[in-house]
Amino acid sequence: MKKLFVIGIGTGNPQHITMQGISALNQTDVVFIPTKGEEKAGLADIRMQICDRYISRAYELVEYPISPRNEATADYTQRVLDWHDLIAESYAQMFARAAADATGALLVWGDPGLYDSTLRILAAVREKAGLDFEIKVIPGITAVQALTAAFGIPLNTIGNPVTITTGRQLARGWPEGADSVVVMLDGRKSYESLDADLHIYWAAYVGMEEELLIQGRLADVRNEISKTRDSARSRHGWIMDIYLLRKAR
Ligand SMILES: C[S@@+](CC[C@H](N)C(=O)[O-])C[C@H]1O[C@@H](n2cnc3c(N)ncnc32)[C@H](O)[C@@H]1O
């Protein structure tokens, strides 16, 4: 493989992909799609739909499983690093099987630069496996943008910074000095134990047909969010949610 496009596809709405992404797909010989393991079937379907809808040339589709994380490793960072090594090995084998002059594409959820390790893993593949392919990143709409657009709100307050963090980090306490905090990857519902006066803008499946939106003073809506989250998760078998917390003036 001589070149790999890493294409941000947005957050589940096939219309999120940019013209630049579509153009890259139409220069691609082989599209690599994760279909098993951690990746939910629904998310693989969205990637397939994007290929069906926008690629107007012959291409090969290579499906690959993502190895699960070893939950027995106690240290979180080590667990993630080990997992990345496993993925890097399977990428190296998969890329080595592609023709030497082929152009490949990976379709990354949202934008490849935000809470996604594809680019870190690819750097390791090139370094450790000695594969010398060019990488071209095509930006995509992030869940953060889809969230603020869904509510029709700006991300920041006037002249102030924004913190983007994870549920795991938020559970350790409110980021010092922050007034707008976006929380991703929060399977533990960290919002449940925060300051009651915060304003929350919560979205699940944002941009998708299943989209759910709830906003209000945290004390007033947190139970509703948790109930909605639990029932949506059991209905669909998976959930992706994100929220913005804003300090009351
Ligand atoms: C591994 S991160 C990937 C982020 C992605 N690279 C981006 O640019 O948005 C996954 C997290 O993104 C958020 N997310 C992604 N898609 C979403 C969606 N359609 N609705 C709500 N949250 C979403 C959730 O917080 C989820 O836990």
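Because only heavy atoms are used, hydrogens play no part in the values below, and waters and symmetry mates are left out as well, while side chains stay in. None of these values were measured; they are calculated from a predicted model. Counting starts at 1 for both ligands and their atoms, in listed order.
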Item to complete: Would you mind checking if Asp29 and Lys2 are paired as a salt bridge, meaning a charged N to carboxylate O distance below 4.0 Å?
Response: no

Item to complete: Heavy-atom contacts with Tyr205 under 4.0 Å: which atoms of ligand 1 show up? List them by number with element.
Response: 19 (N), 20 (N), 21 (C)

Discussion item. The test is side chain to side chain contact (heavy atoms under 4.5 Å, CB included); show your working for Gln215 and Ile200 and say whether it passes.
Written reply: CA-CA 5 Å; Gln215 64 147 317; Ile200 186 167; 6.0 Å; no

Worksheet entry | Taking atom 16 (N) of ligand 1 as the reference point, the nearest protein heavy atom with its distance | Trp109 NE1, 2.8 Å

Practice prompt. State, to 0.1 Å, how close Leu119 and Pro112 come at their nearest heavy-atom pair, and which atoms those are.
Written response: CD1-O, 3.9 Å

Fill in: For atom 8 (O) of ligand 1, closest protein heavy-atom neighbour
Asp111 N, 2.8 Å

Worksheet item: Quick check: does Asp116 get an N/O under 3.5 Å from an N/O on ligand 1?
Response: no

Worksheet item: If you count the atoms of ligand 1 from 1 in the order shown, which ones are under 4.0 Å from a heavy atom of Met184?
Response: 4 (C), 9 (O), 12 (O), 13 (C), 25 (O)

Practice prompt. Just do the side-chain hydrogen bond (donor to acceptor under 3.5 Å, both in side chains) check on Gln78 and Asp82 with the steps written out, would you?
Written response: CA-CA 6 Å; Gln78 194 54 52; Asp82 291 349; 2.9 Å; yes

Fill in: Closest approach of any protein heavy atom to atom 20 (N) of ligand 1, naming residue and atom
Val206 N, 2.8 Å

Worksheet item: Does any N or O atom in Ala203 lie less than 3.5 angstrom from one in ligand 1, N or O only?
Response: no

Worksheet item: Between Tyr115 and Trp109, is any pair of side-chain heavy atoms under 4.5 Å apart?
Response: no

Worksheet item: Hey, is ligand 1 close enough to Thr11 that some N/O pair sits below 3.5 Å?
Response: yes

Worksheet, complete the sentence: Note: heavy atom closest to atom 25 (O) of ligand 1, options Ile9, Thr166, Ile141, Asp241, belongs to Asp241

Worksheet item: What protein heavy atom is closest to atom 26 (C) of ligand 1, reported as residue, atom name and distance in Å?
Response: Met240 SD, 3.8 Å

Worksheet item: Considering distance alone, does some N or O of Ala204 sit under 3.5 Å from an N or O of ligand 1?
Response: no

Discussion item. Under a 4.0 Å threshold between the charged nitrogen and the carboxylate oxygen, would Asp220 count as salt-bridged to Arg217?
Written reply: yes

Discussion item. Pairs of nitrogen or oxygen atoms closer than 3.5 Å, one from Leu114 and one from ligand 1: do any exist?
Written reply: yes

Worksheet item: Should Arg229 and Asp241 count as an ion pair when the cut-off is N to O under 4.0 Å?
Response: yes

Worksheet item: Is any N or O atom of Tyr115, backbone or side chain, closer than 3.5 Å to an N or O atom of ligand 1?
Response: no

Discussion item. List the residues meeting side-chain contact (heavy atoms from CB on, under 4.5 Å) with Gln20, not counting sequence neighbours, and say none if there are none.
Written reply: Thr18, Lys136, Ile138, Pro139

Worksheet item: In ligand 1, which numbered atoms sit nearer than 4.0 Å to a non-hydrogen atom of Leu185?
Response: 1 (C), 10 (C), 25 (O), 27 (O)

Worksheet item: Pick from Phe95, Phe5, Tyr59: which one makes a ring pair (Phe, Tyr, Trp, His ring centres under 6.0 Å) with Phe32?
Response: Phe95

Discussion item. For Tyr191, does the six-membered ring have the charged nitrogen or CZ of Arg222 within the cation-pi criterion, i.e. under 6.0 angstrom from the centroid and within 45° of the normal?
Written reply: no

Fill in: Thr142-ligand 1 polar pair, N/O distance under 3.5 Å
no

Fill in: Under 3.5 Å: N/O of Ala143 near N/O of ligand 1
yes

